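Nothing here was measured: the structure is a model prediction, and the numbers come from that model.
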Amino acid sequence: MSEEYAFLGSAEAREALSAQVADVRARPARIAVLFPAAARSVARGPGPSGDPDGVAGPTLEDLVRVELLTALAGALAPAELAREVGDLYRHGDAGERRAVLRGLDVLDTGREELAAVARELLADAVRTNDTRLVAAASASGTTALLDAHSWRQGVLKCLFTGVPLGSVAGIPDRADAELARMCADHALERAVAGRPVPDDVRLVLRHFPEQAARLGTHRTEA
Amino acid sequence: MRIFDPHIHMTSRTTDDYEALYGAGVRALVEPSFWLGQPRTGVSSFRDYFDGLVGWERFRAERFGIRHHCAIALNPKEANDPRLTEVLDILPRYLAKDGVVAVGEVGFDSRTAEEEKAFRHQLELAKEFGLPVLVHTPHRDKAEGTRRTLQLVAESGIPAERVLVDHLNEATVAMVHESGCTLGFSIYPDTKMSPERMVRVLSEWGPERMVVNSAADWGRSDPLATLRTGEAMLAAGFTGRDVERVLWDNPVEFYGRSGRLLLDEVSGADRTATYSGNSVLRGERANGGAA
């Protein structure tokens with residue numbers, strides 16, 4: 001048995017995925033119906049993170065679908081690939097959308113068509129209040145394509161909806177004074193309202209002592 | 001009484017209805033796609049509708065302890081609208097999804113060439129995706145429409161037991177019974193069948209392959225028509241076993257052929273849960289966020 005798809009527990013599931021990957025390579029349009037059915041036809045459940053909702057990390061069905069996306073990326077030219085990735089997302093339910101977001105990193109975003117679709121889908125995901133989508137988008141390396149303002153807004157959305165900042169791509173390296181100010185403002189607003197301040201603000205504020213100091217007596221301890 | 005409503009349009013109903021359905025014993029249902037009471041103007045309206053059937057409505061039903069499944073199709077009436085022909089092109093993406101247990105409602109409204117073309121196309125899709133088919137029979141010229149329906153089903157090569165022919169009455173029951181298809185009866189307050197007429201049909205034809213639905217929608221209809229039929233059956237001397245067969249076993253057997261039915265109890269039926277960050281409660285969430 002090959003080492004491929006070791007994240008799948010059963011030989012039956014590995015064989016099913018292997019057949020579907022071959023199908024997508026031979027006939028890329030098949031992904032339109034294989035992708036939605038992937039959880040049912042291959043595997044579903046918590047992935048390595050143990051989180052069944054896929055906030056803390058990809059679920060099994062996410063990993064299966066990312067393999068299908070990888071096969072697609074090898075089979076289509078950039079413009080066609082960009083169109084199909086957009087279609088999979090727009091026609092997808094929340095689980096399918098989360099998988100597309102988890103799979104954005106397999107796209108060659110050096111190509112402008114693919115960079116454009118990645119930016120569009122990241123923006124859409126971060127506009128929702130769905131923690132599965134917000135988390136998957138924020139964890140993607142393709143957030144490097146976002147301008148500073150959009151990226152900061154994504155980080156703030158994570159704080160707001162309870163997505164752990166520890167899995168957000170760009171934390172702490174990309175954090176800047178403006179993000180630190182936004183995090184401190186958010187923490188102060190919560191403290192004034194008598195509501196708990198998310199511990200995760202520390203992940204940003206500990207690099208910006210002047211903003212952390214604004215919290216004063218409200219400051220949260222590690 | 002445990003009830004599976006094989007045809008009910010919950011998108012058009014309220015949370016009071018969900019509570020009443022649960023109270024009546026309804027634990028699972030199928031919501032077929034149909035028209036809205038007024039014409040849609042474009043393909044994207046269908047996409048939003050289908051997205052709701054596999055998404056928000058499914059989630060909403062579970063908050064009330066009911067397993068929601070759906071049937072996806074371009075309905076007969078709107079198959080006549082040239083603006084909507086491309087709906088046929090997006091169907092495969094939906095027919096592949098979990099929670100979609102049939103192609104439907106398909107069939108005839110006015111028996112036009114456009115309706116027949118869409119009907120044939122969707123019968124082929126049902127074969128391709130291994131899904132059962134829910135067929136609507138017309139309000140006008142029902143017997144002739146049903147006869148033509150059975151011809152198309154036979155020509156398609158789909159096994160009869162994978163086809164449910166719905167909205168039947170005394171005039172159409174014999175031909176559908178003979179075809180081997182599953183027989184569906186919509187129990188309505190004014191039109192279609194009443195519980196008492198249904199009991200007479202069951203007395204004559206027996207409970208095999210018979211399913212009963214409320215077809216409740218935005219029109220005057222009764223989501224508890226299935227329960228009322230069960231009660232009328234018991235009053236007429238049918239056994240509890242017969243009632244269970246018509247109201248649960250038969251629809252489960254039919255839609256079970258999709259391999260996609262979920263019938264385990266909804267655990268907890270947590271109404272504070274969220275779908276895409278939004279809950280069925282208004283105002284504050286338990287965790288303090290906005291619903």
Report summary line: Among A/Ala94, A/Ala32, A/Ala38, the residue with the most heavy-atom pairs under 4.5 Å to chain B is A/Ala32
Query raised in the report: Above 12 or not: heavy atoms from other molecules or residues under 6.0 Å from CD of A/Glu178?
Result: yes
Query raised in the report: Tell me, side chain or backbone of B/Phe129 under 4.5 Å from chain A's heavy atoms, or both, or neither?
Result: side chain
Report summary line: Applying a strict 4.5 Å limit to non-hydrogen atoms, the region of A/Arg98 in contact with chain B is neither
Query raised in the report: A/Leu88 versus chain B, heavy atoms under 4.5 Å apart: side chain, backbone, both or neither?
Result: both
Query raised in the report: How about B/Glu124: does its CD atom have over 12 heavy atoms from other parts shown lying under 6.0 Å from it?
Result: yes
**Report entry** Residue A/Glu189 excluded, over 12 heavy atoms near CD under 6.0 Å
**Finding:** no
Query - For chain A, which residues of residues 90-100 of chain B have heavy atoms nearer than 4.5 angstrom - result: B/Ile90, B/Pro92, B/Arg93, B/Tyr94, B/Ala96, B/Lys97, B/Asp98
Query - Test side-chain hydrogen bond (donor to acceptor under 3.5 Å, both in side chains) applied to B/His136 - qualifying residues, sequence neighbours left out - result: B/Glu105, B/His167
Query raised in the report: Donor-acceptor pair, B/Arg260 side chain versus A/Arg40 backbone, under 3.5 Å?
Result: no
Report task. Mark yes when over 12 heavy atoms from residues, nucleotides or ligands other than B/Glu265 sit less than 6.0 Å from its CD; otherwise mark no. Result -> no
